[in-house]
Student: 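Quick one: the structure is below, and I'll ask about it shortly.
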Amino acid sequence: MQRAASPFVLPQDFYLQPTLTVARELLGKIFIHISQQGVLKGRIVEVEAYHGATDEASHGFKGKTARNEVMFRQGGFLYVYFTYGMHFCMNVVTEAEGVGAAILLRGIEPLEGLEVIQHNRGANIQLYQLTSGPAKCCQAFGIGRVHNGASLFGPEIRMEGAPRIPDAHIQQTTRIGITRSRALVWRFFEQGNPFVSRTRPALAE
DNA sequence: CAGTCGATGTACT
DNA sequence: GTACATCGACTGG
């Protein structure tokens, strides 16, 4: 017996596609954390691609290390790293084993578990500030060091399919907060969504 | 509004 | 030492 119209978990093949393709197609998909606090769901609205082979800004550019080991696995894992002494950022690993590519989740529109998300982010915060940025997303969804290397098909973390966002609603720009490989136009977001971290010119110089 | 800057831990030179 | 895929508070116009 087939489950009735239940949303489907994205299959591993999805993550084995070229990283820029996955980044584009990840917009609109549903990120799920089945946490101790409850089920947290959100719709991905902003991402950035990082690709070890050609991208100096990628953690994987200089090869595999203890920190970035997860990036070099086959697609379908969560790569979580700690930065600036106080923040976590989460990525979706893409492509084949050994490539070293991932997609940073920068903006997630909350869909379920809003009370928990509000609690995780602290009191008296504007709605749009809950998840409009990579470290905000991790704090809101309770993602930290223990989730580095988690499977995206596991009991705790999953990604569900959703209707494709039309090209006309998607913007592509240079990435935020990096110094190397600044020219690469590898940031994707849903136009006009309040949970996008900030606005930028569509074409930088 | 825009620009600047401090917090604070870790990876890597 | 230095840089860092950030955030939020603060400054000045």
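Please read these numbers as outputs of a predicted model, since none were measured by experiment.
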Student: Measure the distance from CG on L78(A) to P on dA5(C) and round it to the nearest whole Å.
Tutor: 17 Å
Student: I'd like to know if M159(A) and F153(A) are part of one continuous hydrophobic network [Ile/Leu/Val/Met/Phe/Trp/Tyr, side-chain heavy atoms within less than 4.5 Å].
Tutor: yes
Student: Could you give the distance from CD (Q191(A)) to CD1 (I165(A)), rounded to the nearest 0.5 Å?
Tutor: 11.0 Å
Student: Stems involving DNA chain B: give each as a range paired with a range, ordered by first number, where a stem means at least three consecutive Watson-Crick or G-U wobble pairs under 3.5 Å.
Tutor: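 Listed by first number, the stems are B:1-7 with C:6-12, B:9-12 with C:1-4.
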Student: Table please: side-chain donor-acceptor pairs of residues 136-143 of chain A below 3.5 Å, with sequence neighbours left out.
Tutor:
| residue | atom | partner | partner atom | Å |
| --- | --- | --- | --- | --- |
| K136(A) | NZ | Q129(A) | OE1 | 2.8 |
| K136(A) | NZ | S132(A) | O | 3.3 |
| K136(A) | NZ | S132(A) | OG | 3.3 |
| Q139(A) | OE1 | R121(A) | NH1 | 2.7 |
| Q139(A) | NE2 | N120(A) | O | 3.4 |

Student: Are any of the side-chain heavy atoms of I108(A) and M90(A) separated by less than 4.5 Å?
Tutor: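 The answer is yes; the side chains approach within 4.5 Å.
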Student: What is the separation between atom OH on Y50(A) and atom C1' on dC4(C), rounded to the nearest whole Å?
Tutor: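 After rounding, the gap between these two atoms is 11 Å.
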Student: Can you tell me how far CG of N193(A) sits from CG of L27(A), rounded to the nearest 0.5 angstrom?
Tutor: 10.0 Å
Student: Between D55(A) and R180(A), is a salt bridge (charged side-chain N to carboxylate O under 4.0 Å, His left out) present by the stated rule, with each step listed?
Tutor: CA-CA 8 Å; D55(A) 173 13; R180(A) 296 170 294 170; over 6 Å; no
Student: Among residues at least two apart in sequence or on other chains, which ones pass side chain to side chain contact (heavy atoms under 4.5 Å, CB included) with T19(A)?
Tutor: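 Counting only residues at least two positions away or on another chain, T19(A) forms a side chain to side chain contact (heavy atoms under 4.5 Å, CB included) with A49(A), H51(A), T94(A), E95(A), A101(A), I103(A).
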Student: Would you kindly check if the NZ (Lys) or CZ (Arg) of R175(A) is within the cone defined by 45 degrees around the ring axis of Y50(A) and under 6.0 Å from the six-membered ring centre?
Tutor: yes
Student: Judged by atom type as modelled, is there a donor-acceptor pair below 3.5 Å linking the side chain of N68(A) to the main-chain atoms of H59(A)?
Tutor: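 Confirmed, N68(A) side chain pairs with H59(A) backbone.
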Student: Residues of residues 115-139 of chain A with any non-hydrogen atom less than 4.0 angstrom from an atom of DNA chain C: list those, numerically ordered, please.
Tutor: R121(A), G133(A), P134(A), A135(A), K136(A)
Student: Counting C-beta onward and ignoring hydrogens, is there a side-chain heavy-atom pair between R187(A) and I176(A) closer than 4.5 Å?
Tutor: yes
Student: Are R164(A) and E25(A) close enough, and set up right, to give a salt bridge (charged side-chain N to carboxylate O under 4.0 Å, His left out), and what steps lead you there?
Tutor: CA-CA 7 Å; R164(A) 187 174 196 270; E25(A) 298 301 329; 2.8 Å; yes
Student: For R106(A), is there an ion pair with E46(A) - N to carboxylate O distance below 4.0 angstrom?
Tutor: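 A salt bridge is present here (some side-chain N lies under 4.0 Å from a carboxylate O).
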Student: What is the distance, to the nearest angstrom, from the CD1 atom on I178(A) to the P atom on dT6(C)?
Tutor: 9 Å
Student: So, the side chain of E156(A) versus the backbone of S35(A): is there a donor-acceptor pair under 3.5 Å, distance only?
Tutor: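 No, E156(A) side chain to S35(A) backbone: no donor-acceptor pair under 3.5 Å.
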Student: May I ask you to verify if any side-chain N or O of T179(A) is less than 4.0 angstrom from the OP1 or OP2 atom of dC4(C)?
Tutor: yes
Student: I need a per-nucleotide contact map over nucleotides 7-13 of chain B, read 5' to 3'. Cutoff is protein heavy atoms under 4.0 Å; write B for the base, S for backbone only, - otherwise.
Tutor: BBBSSS-
Student: Got a sec? Which of residues 100-110 of chain A come in under 4.0 Å of DNA chain C, heavy atoms?
Tutor: L104(A), R106(A)
